[in-house]
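For reference, the structure discussed in these notes is given below.
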Amino acid sequence: MTDRGAPVSDLRELYQEVILDHNRRPRNFRTIEGANRHAEGYNPLCGDRLSLYLKVEDGVIEDASFQGSGCAISKASASMMTDSVKGKTLSEARDMFEQFQQMVTGNAAPLALPERLGKLAVFEGVRNYPARVKCASLAWHTLRSAVDAKDEVVSTEAE
Amino acid sequence: MTSIAGIAAPSQAGFDVRRIREDFPILWQTVHGKPLVYLDNAATAQKPRAVLDALMAYYSEDNANVHRGVHLLSERATQVFEDARATVQRFINAASTREIVFTRNATEAINLVAQTFGRARVGPRDEVVISAMEHHSNIVPWQMVCEEKGASLRVIPITDEGALQIEEYERLLGPHTRLVSIVHLSNVLGTINPVQEMIATAHRHGVPVLVDGAQAASHMTVDVQALDADFYVFTGHKLYGPTGIGVLYGKERLLEDMPPYQGGGDMIKSVTFEKTTYNALPYKFEAGTPNIAGAVGLAAAVDYVTGIGMDRITAQERELLAYGTAALSGVPSLRLIGTAPEKASVLSFVMDGVHPHDIGTVVDQEGVAIRTGHHCAQPLMQRLGIPATARASLALYNTREEIDVLAAALHKVRELFT
């Protein structure tokens, strides 16, 4: 028998405990009263939808939240993302988007500035599961749209 | 995971699956270090060596363009291409090879009917009847025609189990109904629709019926004359044949009256700049060089399947479906989607608190290939109130041991996400 699959990888590398925890108990899973930025994310391949809400004051993200349905990876990604961008400037959030994209697509290893991603590094395992990269990045694409104040539905297939 | 007790050994109707598996080279591999368990057959089925050999033989020995050359290779290519048409004709018991049109796939076959028959027959305020369990390929082509013509789609509702509400169906048929287009075997639910009765009902109202047999053709005997189907479409690649070859069956009388689909070579009798006379059936609908090798491969697949016997395949798969239904029912918090009394080959399911994509990734690590998502049936997902399902779909080469591997993998999913 020939083996044509990728090298055997431990599922726990993808589904780390912190990801499973955010999947079970997503943080910031709500709307925001007085949100002034909002964007919708959509992955037509799996039907996942995500609504992202930001409250931005003086260029700083004071609050971030999301709602929607999705897989463990996309839910945990949105949950941890909304946690981590709170208190960041819009420009810092854009930077984090770039860093995150590089991490999950495996375009740049090692990470240029790993400390900027902090806990988000748990998503590094996603790069070994090409079919799941979009699950992790849906929330981030939606964030970028909200940060850029684009009034459109972001699709993972629109690149 | 041990075998589910209480289910008998393969019946005499069945066959030796281990021997069958020797015919499918792709199955002899491991993925992620585990033996491949291929349960995504509703998306595409694997190909037996007989099909691979037929493709190789065609390109090695007979390849030439068809219907034109006077040289020997062109004659041979034409012969094997037309033999393939005859094989398909016998396979679905069509009255004539003139009723067998080769297309790219089932989708193109439906579009062909929509763009020719549909555009010629459907007018303002007319109606096309489909069902709530259609694949996008049997929704969008009709939507396009309806939009252009100011007509509307009427949708036969389904029960929560995934069966058609037949009493509603008859109510939808009226003086404005121009066509019924209905799936034979649902790719999401596995439901087998009572198309023979539905066709008889439609015919009482003078309405023709297209049957989408993309899934059905590989799982059950299809007799288009017994069904009295006006159109029947299916695709080669789900029937163990190559991709890029599909079939439109149409009653000769209807095909005769339909305008051509695409213009070009092969579909004409004579061309001047003033006037073109179209070719006879079925060539009128086959513009350009066809997928000759695809047709040859499809014929080899049909021969393979009929060599085993479609009735035996149906019986074997029915037992495996029952075994799989029992095995999956034993997985905690798993809910089967599609539990109609008449079912075949499809096990769609959801698990509480676990998205289908996560299920798919986890079982893939165990070597099990299943499909997750909306299965190109978004309106059906909306009707069922779920974003997606996980789907295991069976073929003639699947075994109980493979079902056991799937069930064990699903227990792992449960452990990981609890």
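Labels below follow one simple rule: chain letters A, B, ... track the order of the sequence lines, proteins then strands, and each chain is numbered from 1.
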Self-check item: Neighbourhood of chain A inside residues 366-388 of chain B, taking heavy atoms under 4.5 Å as contact
Solution: B:His374, B:Gln378, B:Pro387, B:Ala388

Practice problem: Write down the atom of A:Leu11, the atom of B:Gln365, and the distance for their closest heavy-atom approach. | Solution: CD2-CG, 3.4 Å

Practice problem: Kindly check if the number of other-residue, nucleotide or ligand heavy atoms within 6.0 Å of CD (A:Glu33) is above 12? | Solution: no

Self-check item: From CA spacing to verdict: side chain to side chain donor-acceptor pair (under 3.5 Å), A:Tyr15, B:Asp358
Solution: CA-CA 9 Å; A:Tyr15 293 111; B:Asp358 296 314; 2.7 Å; yes

Exercise. Would you mind telling me which of A:Asn23, A:Ile73, A:Leu20 has the largest number of heavy-atom pairs within less than 4.5 Å of chain B?
Key: A:Leu20

Quiz item: Which region of B:Thr418, side chain (C-beta onward) or backbone (N, CA, C, O), has a non-hydrogen atom less than 4.5 Å from a non-hydrogen atom of chain A, or is it both or neither?
Solution: backbone

Quiz item: Can you list the residues that meet the ring-ring contact (aromatic ring centres under 6.0 Å, His included) rule with B:His357, with sequence neighbours excluded?
Solution: B:His355

Self-check item: Residue A:Lys86 excluded, over 12 heavy atoms near NZ under 6.0 Å
Solution: yes

Quiz prompt | Heavy-atom pair count under 4.5 Å with chain B, highest-scoring of A:Ser74, A:Gly70, A:Cys135, A:Ser69 | solution = A:Gly70

